[in-house]
Amino acid sequence: MSECGGRGGGGGSSSSDDAEDEGGGGGPAGSGSLSPAPAASSEGRLRRGLRGASLMARRRPELLCGAVALGCALLLALKFTCSRAKDVIIPAKPPVSFFSSRSPVLDLFQGQLDYAEHIRRDSEVVLLFFYAPWCGQSIAARAEIEQAASRLSDQVLFVAINCWWNQGKCRKQKHFFYFPVIYLYHRSFGPIEYKGPMSAVYIEKFVRRVMKPLLYIPSQSELLDFLSNYEPGVLGYFEFSGSPQPPGYLTFFTSALHSLKKDYLGTVRFGVITNKHLAKLVSLVHSGSVYLHRHFNTSLVFPREVINYTAENICKWALENRETLVRWLWPHGGKSLLLNNELKKGPALFVFIPFNPLAESHPLIDEITEVALEYNNCHGDQVVERLLQHLRRVDAPAFKSLAPDPPARLPDPPLITASPCCNTVVLPRWHSISRTHNVCELCVNQTAGGLRPSSVSMPQCSFFEMAAALDSFYLKEQTFYHVVSDSIECSNFLSFYSPFSYYTACCRTINRGVAGFIDSEQGVFETPPVAFSSLEKKCEVESPGSVPHIEENRYLFPELETSSSSFTGLSCRTNKTLNIYLLDSNLFWLYAERLGAPSAARVKEFATIVDVKEESHYILDPKQALMKFTLESFIQNFSVLYSPLKRHLIGSDSTQFTSQRLITEVTTDTFWEVVLQKQDVLLLYYAQWCGFCPALNHVFIQLARLLPSDTFTVARIDVSQNDLPWEFMVDRLPTVLFFPCNRKDLSVKYPEDLPITLPNLLRFILHHSDPASDPRNLAGPPTAECLQNEAVLQQGHIAHLEREIRKLRAEIGTLQRAQVQVEARLASARRDEHRLLRQQHTLERQHDLLRLHSEQLQALYEHKTRELDEVARKLQELADASETLLTENTWLKILVATMEQKLEGRDGADDRVPPSKARSEHPEPPGAPRLPASTPLPANISSTLASEGSPENRTD
């Protein structure tokens, strides 16, 4: 009982505290009241909640352990997730050297920009190469930088800086948008950014320009070299006799560096003259004067009285007033508007040449410069003529001055009637005369008495009259008067003059050399054995090969020298003035191939004229060598009013189309072969983007099956991928052209308002293929034999068409039977569709009912859930009440047991001592419940005490 009492005492103190909390401290301590107080504060509710939680934990300790374990698991998971988030970003690996240890380039691979700035101050010329190790362009430029550094390492300091390492100062201070970046510093001046090609020779050339931005000119020959260059030049005159650094020299030197900074191509060259006699040749008298040379416009002297003499002003003045004769283009390979902006200015002549910027001389560029000077020399300027003589290496007397002279008066043009109008023409292979001759001399009879004898080496003719002569010669052969000659001189037509012929031609055969001109050392003239006829009625026509063009007589006859006056100043006599551009074929040959250059060219030299306004471009024959006279002839042929140049056509590969097809696929290369063959040809023009064109395929397939393939060809051409001469182009798609066999020049276009169907095409072909519709046959009545042959031919055509019609009727019957079967299947499919629709409606109704039932069940489930929650709450309240009752029951048991002990002790004392004495000797313990002496115990309590007092019901 002592163990149980110890627990009871502890429980009693706790229960007394609870009683005080519940009763609010009201009533005496020994009152024995069991009812709780009627009201409780918020603090009491909180305490009751904590007490309930503690009681629940004491009753079910596994819940407390589970809650603690769950909280620990959540904390561990949160910590693990945060630690993983920090470890996602792997720290960057330390950088390694980008250049090898044996490289002449100092590699600061940790981005030490401060060290680079420190060593830059101690060097005269420094090149800084900013790179990123992952950049492909930086990796490709690494070898080029090393190659340039190996040649200039003794004069220039090459420093490479890793500007991508995040802990380096370069990354923190420089914010580049691209890599690699090349900066050059000349002492304290800089940076000068290089944006040219990443090639070793170009980088070295630019570095040398920065090292020596001024060119020293000590003699008249070098002065002429400087002024005859295609790039604009700026000259400064300074006298070094008085002082080692004359006034203004440092400013002029800095202006040259400013020019390189603003124009990385270095198109403006700067030179220095120290000889006063040379300075007078360019109108420089005072020391410190600056002269800007221009070939055609007036050259300028820097106006020191108007503009401040500073390096920035000199550079700005030179760049704004420079004159561009020939310009280099450097496409960077990405998206750019460089070519587009240049082509918008007008027709452009692109010349692709292999260029070495480190070479001391460039003969081909000198020839191109000479062509450009003659082409733009409209006023016959003496200075330009002197520069041309210097370029031709012709000795000339010393001139007094290169100062600009007033423009000379243009000479009066010669009268056309006072000189012959003859020119030499190369015959194309498709011309009828080309079977016996390949060259003709055309002349225009300008007077009634004919032409005076003259040499063919003086072709002074109007472009209009020669264009008309060419049109007549090529298109109207029957009205042209031909002459066969076996002599070189062929301009005297007095003995052969006809008053009915306005044009005359003298034709012969010559052998052309490889370079495009005649080898005069061999026998080149052959007299035809028989006369020729200008009219030949044959269906077989060869495709045109060589392009008809006006040639200079000096190319055909090298022994005859001619004057270049017809080419000099040509840019001012035509409205198709050319802008000349140069491109390095070693870097940009891909552009040349796209413009028509052969991909397997042995020498990468190519010239082309692009005219965006006319949507055409012309190429110089790749078989001809690129030199001065070929360029002049190319420019002259382009500049005439009716240019004889053939537009370069770009087409798809003809080898990808098989030959055994019902419809022949025509390309640019096979157009002449297919269209001008000995057959009637029906040609369809289409494009891939044309939506109506594929709808005509079945019509043309049926047509190709109907017509015999040995006498008729059905063809088509994709004009979006294949260019054609302008006379064979169309303005709408689809378009159908018909080329009859004997009359290729009388091609007929299918009417636009007529539907393209098989019967309409057959009527169109039969109508225009009838030989009787030829206007040439109307001249004389047909013979009986011709009529009989025509009748036989028509009967054969009728029989063939009847057989084909029977085949078509059989195919129509087969198609009708197939149509009946298809309609039966369609009817069955429609019935199945109606049945499926009915089933669909039934399933939709069932689906609606199921959805309604589902909603009802969901509502019932929610109602039952709420009821269960209410029952659970009530059960919890009952459980709490039962706990309280159990506690009170325990106290009652203890009270009853105490009372029983007292009663037993009282009964034993009554037997031995009087009751009053017993009570005085044994006082009641404090706080024990007492009953009045005069009040007897109730019957139910006495029975309960009796039952509790029994040994069976006594508790420990």
Side-chain angles (χ1 to χ4, degrees), residues 4 7-78 81 843-897 929 938 940-941 943-944 947-948 953 955-956:
C4 184
R7 293 180 181 175
S13 61
S14 176
S15 299
S16 63
D17 294 338
D18 297 342
E20 288 179 4
D21 294 338
E22 292 177 358
S31 63
S33 176
L34 301 178
S35 60
S41 61
S42 61
E43 184 179 357
R45 286 195 299 271
L46 179 60
R47 290 182 179 179
R48 285 196 301 272
L50 294 175
R51 185 173 61 253
S54 63
L55 291 175
M56 183 66 69
R58 285 199 297 270
R59 289 198 311 270
R60 302 185 65 181
E62 63 275 8
L63 293 179
L64 177 61
C65 296
V68 173
L70 181 61
C72 295
L74 290 176
L75 290 176
L76 290 175
L78 181 62
T81 304
L843 291 175
E844 288 178 354
R845 288 194 297 272
Q846 293 178 358
H847 177 69
D848 295 337
L849 291 175
L850 290 175
R851 185 171 63 254
L852 180 61
H853 291 166
S854 175
E855 293 176 355
Q856 293 177 355
L857 290 175
Q858 183 68 22
L860 181 61
Y861 169 76
E862 294 176 355
H863 178 68
K864 294 297 181 182
T865 302
R866 289 193 297 272
E867 290 182 352
L868 288 175
D869 293 340
E870 185 67 22
V871 171
R873 186 180 61 78
K874 292 180 179 180
L875 288 175
Q876 184 65 31
E877 292 178 355
L878 289 175
D880 295 340
S882 64
E883 289 291 337
T884 305
L885 291 176
L886 285 175
T887 305
E888 294 178 354
N889 188 21
T890 303
W891 281 107
L892 287 175
K893 287 179 180 181
I894 295 172
L895 181 60
V896 169
N940 55 355
I941 295 179
S943 62
T944 304
S947 62
E948 294 291 340
N953 297 326
T955 58
D956 296 333

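Note that these values count all heavy atoms, side chains included, but never hydrogens, waters or copies made by symmetry. Sequence positions, counted from 1, serve as the residue numbers for this chain. The model shown is predicted, which means the values in this text are computed figures rather than measured ones.
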- Got a salt bridge between R873 and E877, using NZ or NE/NH1/NH2 to carboxylate O under 4.0 Å? yes
- Would you sort out whether E888 and T884 count as a side-chain contact (heavy atoms from CB on, under 4.5 Å), showing the intermediate values? CA-CA 6 Å; E888 294 178 354; T884 305; 3.9 Å; yes
Would you compute the distance between atom [atom1] of [X] and atom [atom2] of [Y] and round it to the nearest 0.5 angstrom?
X: D848; Y: L852; atom1: CG; atom2: CG; value: 9.0 Å
X: D869; Y: K864; atom1: CG; atom2: NZ; value: 13.0 Å
X: D880; Y: L885; atom1: CG; atom2: CG; value: 11.0 Å
X: S882; Y: L875; atom1: OG; atom2: CG; value: 10.5 Å
X: R851; Y: H853; atom1: CZ; atom2: NE2; value: 11.5 Å

- Query: Okay, side chain of T865, backbone of Y861: is any donor-acceptor separation there less than 3.5 Å?
  - Reply: yes
- Query: Pick one: which of V896, N889, T890 meets side-chain contact (heavy atoms from CB on, under 4.5 Å) with K893?
  - Reply: N889
